[in-house]
Amino acid sequence: MNSINTTDFRFSMALPIRWNDLDPLNHVNNVFYFEYFQVGRGHYMLEASKQWDWTKNMFVIAHIECDYYKELKLTAKEPTIKLRTSSIGSKSFEIEYLITSLDRENNEIIHAKGKSVQVLVDISVGKSVEIPNWLREDLTQYEPVLS
C-alpha cells in the first residue's frame, strides 16, 4: 500500500456498519464497500457544492475500483468514509475514497481505498455534457489540491 495521507481528505462521515453487511467470515463483504462509496458520494456532493441539486444534476459512474487492505468488522472503532475529488476533466471528474477506523491506541487504520470516475449527463437526452463552470469552481474551491 502506498503511503496515504488521510488528512488530504477534507470530507469524512461516520460509516454505520450493518449486521447485514457481514459475510460468513464475520467481516464486511467486499460488495458493500461500493455501497459505502455511493452513500458517501451523495453526502459529499451536497457538502462540496452548495449548488448541487440531485433533482437537476446527474452523473453516471464510468469506472469504479476498490483495493482492500484490512478486513472491516462490525466491532470496528469509529468506522469512517473519507472522500475527495482528485481530478476534473471536461466531462468527468474523479473521486477517491478511504474506509478507515481506529485501533486500540486511536491510530487510523485504512481498510480500503477506492476510486470512481463520474461523467455528467443530461438525463433528458441521455448524453454526456461538459462540467459546468459553477461545479468546477465549487469543487476546486472545496478541494484546494485542485487549484
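Hydrogens, waters and symmetry mates are skipped; everything else that's a heavy atom, side chains included, is used.
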Task: R136 side-chain N/O to G89 backbone N/O, donor-acceptor pair under 3.5 Å - done: yes

Open item on the list: Can you confirm whether K77 is buried at NZ, in the sense that more than 12 heavy atoms of other residues, nucleotides or ligands lie under 6.0 Å from that atom?
Closed with: yes

Open item on the list: How close do F59 and W54 get, counting heavy atoms only, and between which atoms?
Closed with: CZ-CH2, 3.6 Å

TODO: Would you name the heavy atoms of N26 and K73 that are closest together and state the gap between them?
DONE: O-CG, 3.6 Å

Task: Reported OG1-to-CG distance for the pair T140 and N133, which is rounded to 0.5 angstrom - done: 10.0 Å

TODO: Let me see the working for I61 and R41 under side-chain contact (heavy atoms from CB on, under 4.5 Å), right down to the final yes or no.
DONE: CA-CA 11 Å; I61 302 297; R41 263 193 318 272; 3.7 Å; yes

Task: Flag for E78-T80: side-chain donor and acceptor within less than 3.5 Å - done: no

TODO: Quick one: closest heavy-atom pair of R10 and Q141, and the distance?
DONE: NH1-O, 4.2 Å

Task: Donor-acceptor contact below 3.5 Å, side chain Q118 vs main chain F93 - done: yes

TODO: Considering non-hydrogen atoms only, spot the tightest contact between S128 and V119 and give its length.
DONE: CB-CG1, 3.7 Å

TODO: With sequence neighbours excluded, give me every ring pair (Phe, Tyr, Trp, His ring centres under 6.0 Å) pair touching residues 5-32.
DONE: F11-Y44

TODO: Kindly give the heavy-atom pair with the smallest separation between M13 and G40, and that separation in Å.
DONE: SD-CA, 4.2 Å

- [ ] Return yes if some donor-acceptor pair links the side-chain N/O of H111 with the main-chain N/O of T100 below 3.5 Å, else return no.
- [x] no

Open item on the list: Distance check, rounded to the nearest 0.5 Å: W134 atom CH2 versus Q51 atom CD?
Closed with: 6.0 Å

- [ ] Keeping the roles fixed (side chain from R84, backbone from E143), state whether a donor-acceptor pair exists under 3.5 Å.
- [x] no

TODO: Would you tell me whether E108 and T6 have side-chain atoms, one donor and one acceptor, within less than 3.5 Å of each other?
DONE: yes

Open item on the list: Within this structure, what is the CG-CG distance for the pair L72 and L22, rounded to the nearest 0.5 Å?
Closed with: 8.5 Å

- [ ] Among D67, V28, I81, I64, find the residue that satisfies the side-chain contact (heavy atoms from CB on, under 4.5 Å) test when tested with Y33.
- [x] V28

- [ ] Kindly give the heavy-atom pair with the smallest separation between R18 and L74, and that separation in Å.
- [x] C-CD1, 4.2 Å

TODO: Might you work through the side-chain contact (heavy atoms from CB on, under 4.5 Å) test for V121 and M58, ending with a clear yes or no?
DONE: CA-CA 6 Å; V121 294; M58 189 51 61; 4.3 Å; yes

